[in-house]
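Naming convention: chains lettered A, B, ... in sequence-line order (proteins, then strands); numbering from 1 in each chain.
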2 protein chains.
Amino acid sequence: MSERIDWKELRNRRMAEPGAAEAHEATRIAYELGKTVRTMREERGWSQSDLASRAAMTQSAVARFEAGGTVPTIPVLERLARALDADVEVRLTPRAPAA
Amino acid sequence: MSERIDWKELRNRRMAEPGAAEAHEATRIAYELGKTVRTMREERGWSQSDLASRAAMTQSAVARFEAGGTVPTIPVLERLARALDADVEVRLTPRAPAA
DNA sequence: CCAAGTCATAGCGTTGATGCTATGGACATG
DNA sequence: CATGTCCATAGCATCAACGCTATGACTTGG
């Protein structure tokens with residue numbers, strides 16, 4: 001620990017690593033969620049700071065999240081969802097049954 | 001760090017804490033997911049060890065997860081989902097528009 | 001009764017997400 | 001230009017999830 005790399009590069013790196021199939025997925029999910037939240041936030045005309053205070057976090061945390069800087073944890077999603085008057089849905093859906 | 005309490009009690013505690021609205025939700029989600037995975041696993045007639053090896057983790061990790069011992073992270077869900085031939089869905093769904 | 005398989009937990013080191021503060025740049029506005 | 005707002009990032013501390021090993025309780029089959 002001490003590689004000292006910014007998470008933008010970190011993300012790209014994650015996508016490229018071998019055996020990063022799931023990591024890739026998680027990163028993609030993080031990205032999607034970030035976009036979703038950003039959209040919902042903007043729809044409400046809130047600044048990152050506004051959302052941050054409503055979700056009991058800081059502006060920087062919101063920025064990091066929206067940029068997909070880290071794969072969010074469920075508790076954080078809950079807080080953001082609440083602030084945005086939404087619900088979090090986490091499910092495992094069986095993949096298309098063998099055709 | 002060093003309270004030294006088992007997570008069964010930890011969970012109950014989480015549910016009771018003040019301002020634990022989101023934490024409660026997260027805990028509930030963890031519980032639901034655990035049950036879902038257990039069901040899917042049993043449907044396939046796999047032991048926790050079987051699933052563990054397929055998901056690149058240990059039996060104890062699977063047990064902890066199924067019991068809702070911790071709020072799982074998305075990467076872990078991915079690995080389990082893959083092992084179970086499923087997909088992970090994480091979404092923020094706008095709550096019912098004011099009636 | 002003994003052996004093997006299954007599941008639950010404890011304990012502990014590691015790692016990564018989160019919390020926070022402090023900047024810096026971009027943009028508007030006076 | 002001086003201010004103020006908004007967003008992006010760096011850097012660091014802390015905490016909880018994870019990974020793993022080792023048991024213990026139970027069940028089942030010899």
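Candidate nucleotides C:dA8, D:dT21, D:dA8 were compared by shortest atom distance to the side chain of A:A63, and D:dA8 ranks first. Nearest to the side chain of A:S60, among D:dT9, C:dA8, D:dA22, sits D:dT9. Among the nucleotides C:dG19, C:dA17, D:dA22, the one closest to any side-chain atom of A:V71 is C:dA17. In the set C:dT18, D:dA22, C:dG11, the nucleotide with an atom closest to the side chain of A:P72 is C:dT18. Checking C:dA17, D:dA8, D:dC18 against the side-chain heavy atoms of A:R38 singles out D:dA8 as nearest.
A:V62 comes within contact range of no nucleotide atom at all, as no heavy-atom separation falls under 4.0 Å. Residue A:T58 is classed as a base contact, given a heavy-atom separation below 4.0 Å to a base. Note on A:E66: nothing from the nucleic acid sits closer than 4.0 angstrom, heavy atoms only.
At whole-Å resolution of the value, CD1 in A:I74 and C1' in D:dA16 are 13 Å apart. In this structure, CG of B:L51 is placed 13 Å from C1' of C:dT6, rounded to the nearest angstrom. A straight line from CG of B:D50 to P of C:dA4 spans 18 Å, rounded to a whole angstrom. Whole-Å rounding puts the B:Q48 CD to C:dT9 C1' distance at 12 Å. Between A:M57 atom CE and C:dG19 atom P there is a gap of 5 Å when expressed in whole angstrom units. Separating the CD atom of A:E78 from the C1' atom of C:dT18 is a distance of 16 Å, rounded to the nearest angstrom.
Here B:E25 does not pair with A:R82 in a salt bridge; the nearest charged N to carboxylate O distance is not below 4.0 Å. At a threshold of 4.0 Å, the pair B:E42-B:R44 does not count as salt-bridged, since none of the basic side-chain nitrogens sits closer than that to a carboxylate oxygen.
For a distance-only test at 3.5 Å, the side chain of A:T70 fails to qualify as a donor-acceptor partner of the base of C:dT18. Looking at A:Q59, its side chain comes within 3.5 Å of the base of D:dA8 through a donor and an acceptor atom. For A:T73 and C:dT18, a side-chain-to-base donor-acceptor distance below 3.5 Å is absent, hydrogens and geometry of angles not being considered.
Across the interface with DNA chain D, nearest-nucleotide mapping of A:S47 and B:F65 shows A:S47 to be the residue nearer the 5′ end.
For C:dC7, the OP1/OP2 oxygens have a side-chain nitrogen or oxygen of B:R41 closer than 4.0 Å. OP1 or OP2 of C:dG19 has at least one side-chain nitrogen or oxygen of A:R79 nearer than 4.0 Å.
Of the possible polar contacts, none joining the A:R54 side chain to the A:A83 backbone as a donor-acceptor pair under 3.5 Å is found. Between the side chain of A:R79 and the main chain of A:A55, a donor-acceptor pair closer than 3.5 Å is present. In this structure, A:R41 contributes its side chain and A:W46 its backbone to a donor-acceptor pair below 3.5 Å.
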